[in-house]
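Model, not experiment: these values are computed from the prediction.
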Amino acid sequence: MPADSYDATIEAYRSNLEGLAYRMLGSWADAQDIAQETLVKWHRLAESVRPTIREPLAWLHTVASRLSLDRLKSAQRRRESYVGPWLPEPLLTTDETPAEAASIDDSITLALLHAMERLSPSERAAFILHDVFDYSFKAVADILQKEPATCRQLASRARKSIRSQRPAKSPVDPNSHQRLLAAFLQAASQGDAQSLEQLLAADAILYSDGGAKAKAVRKPLRSRELIVRLHVGLARKAQKSGQQNTVRFTQLNQQPAALVYTDGFLSSVFSIEIQDGKIQTLYMQRNPDKLRHLSSAVL
């Protein structure tokens with residue numbers, strides 16, 4: 001194969017590497033950095049060495065996984081001092097975005113990424129490599145430099161942890177999902193407590209990520225009453241101040257989501273998880289650092 005064609009083939013793996021790193025880190029910016037660093041390492045290999053690598057993608061996955069693990073370990077230390085709940089960076093998954101080729105499937109939903117935050121870095125890596133990217137435990141062991149039996153245990157613990165946080169849910173079609181999200185935002189904007197109560201499950205949970213850079217609830221709200229009270233209060237404040245909010249619907253992390261613009265600026269992103277026709281979990285991303293990439297991408 002000519003060198004130019006070979007390099008083009010390797011470069012075509014970029015989005016796949018970004019998909020792996022995004023699942024590992026929950027940050028699209030970091031995922032792009034990891035993919036770039038991995039490809040740089042490939043191109044720095046001696047020209048005589050590259051053709052001897054029988055499975056270039058496996059080599060690239062190995063490098064990207066190890067780089068992601070190193071970054072994840074340092075990120076988890078930083079997140080211990082993070083102000084309020086930490087939510088993954090939302091990822092556009094419409095046809096117009098570069099994420100469309102990033103091995104998109106249900107493993108990038110916000111709920112799953114959020115659940116994976118409780119895993120150790122090794123558990124997360126073993127789960128992603130085996131359950132999402134379909135590597136054998138022997139191959140996972142080679143990548144993580146551990147024994148296959150250890151990797152099997154890591155993935156098993158990861159699955160149990162994720163299942164405990166995300167009970168099996170009946171599938172919801174995207175149109176119904178968006179209608180329920182739209183109804184919630186409409187009721188919230190009007191401060192309609194009765195409608196909000198009807199839309200939310202009794203044990204609904206709200207996670208709000210402001211990262212000390214935007215106003216947000218610093219602890220998860222774990223009841224319908226608290227969530228209703230919050231949004232009724234926010235509606236009153238908005239009405240008194242004359243604040244103008246507009247909503248734009250899109251697809252983030254493979255599910256319907258809402259982008260809320262306050263006085264023309266993107267101020268928050270809402271995503272929901274649904275159980276038995278009610279909103280079970282609300283994710284409210286307000287950290288401007290995690291919204292910056294969306295501001296230009298959806299205009």
Between side-chain atoms of residues 225-239 and protein atoms elsewhere (two or more places apart, or another chain), which donor-acceptor pairs fall under 3.5 Å?
residue : atom : partner : partner atom : Å
H231    : ND1  : I227    : O            : 3.0

With a 3.5 Å cut-off and sequence neighbours excluded, list the donor-acceptor pairs that the side chains of residues 265-272 form with protein atoms.
residue : atom : partner : partner atom : Å
S267    : OG   : V260    : O            : 3.1
S267    : OG   : T262    : OG1          : 2.7

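Counting heavy atoms of neighbouring residues, nucleotides and ligands inside a 6.0 Å radius, atom CZ of R159 exceeds 12 of them. For R218, the CZ atom sits in a loose shell: 12 or fewer heavy atoms of surrounding residues, nucleotides or ligands are nearer than 6.0 Å.
Residue L57 comes nearest to Y135 through the heavy atom pair O-OH, 4.1 Å, listed as atom of the first residue, atom of the second, then distance. Heavy-atom minimum distance, L20 versus H61: CD2-CD2, 3.7 Å. Looking at every heavy atom in both residues, P85 comes nearest to Y207 through CB-CD2, 4.5 Å.
A heavy-atom distance below 4.5 Å is found between the side chains of S74 and R77. At least one side-chain heavy atom of P90 sits under 4.5 Å from a side-chain heavy atom of L294. With contacts defined as side-chain heavy-atom distances shorter than 4.5 Å, the pair L119/I162 qualifies. M24 places none of its side-chain heavy atoms less than 4.5 Å from the side chain of R71. Counting only heavy atoms from C-beta outward, the side chains of V63 and W42 never approach each other to under 4.5 Å.
T38 places a side-chain N or O within donor-acceptor distance of the main-chain N or O of I34, the cut-off being under 3.5 Å. Proximity of a side-chain donor or acceptor of Q285 to a complementary backbone N or O of N287 within less than 3.5 Å is detected. Using modelled atom types, no side-chain atom of R23 and backbone atom of I108 make a donor-acceptor pair closer than 3.5 Å.
Between the side chains of N253 and Y283, no donor-acceptor pair of N or O atoms lies under 3.5 Å. Q36 and R14 are linked by a side-chain donor-acceptor pair at a separation below 3.5 angstrom, with hydrogens and angles left out of the test.
The existence of a salt bridge linking R124 and E117 is confirmed by a sub-4.0 Å separation between a basic side-chain nitrogen and an acidic carboxylate oxygen. Between D142 and K138 there is a salt bridge, with a side-chain nitrogen of the basic residue lying less than 4.0 Å from a carboxylate oxygen of the acidic one.
Pairs passing the salt bridge (charged side-chain N to carboxylate O under 4.0 Å, His left out) check and including a residue from residues 175-203, sequence neighbours excluded, do not occur.
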Starting from the C-alpha separation in whole Å, work towards a yes-or-no answer on side-chain hydrogen bond (donor to acceptor under 3.5 Å, both in side chains) for T93 and Q251. CA-CA 6 Å; T93 49; Q251 181 175 269; 3.1 Å; yes
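Figure legend: K290 and W86 shown as a cation-pi pair, the cationic atom lying under 6.0 angstrom from the six-membered ring centre and within 45 degrees of its axis.
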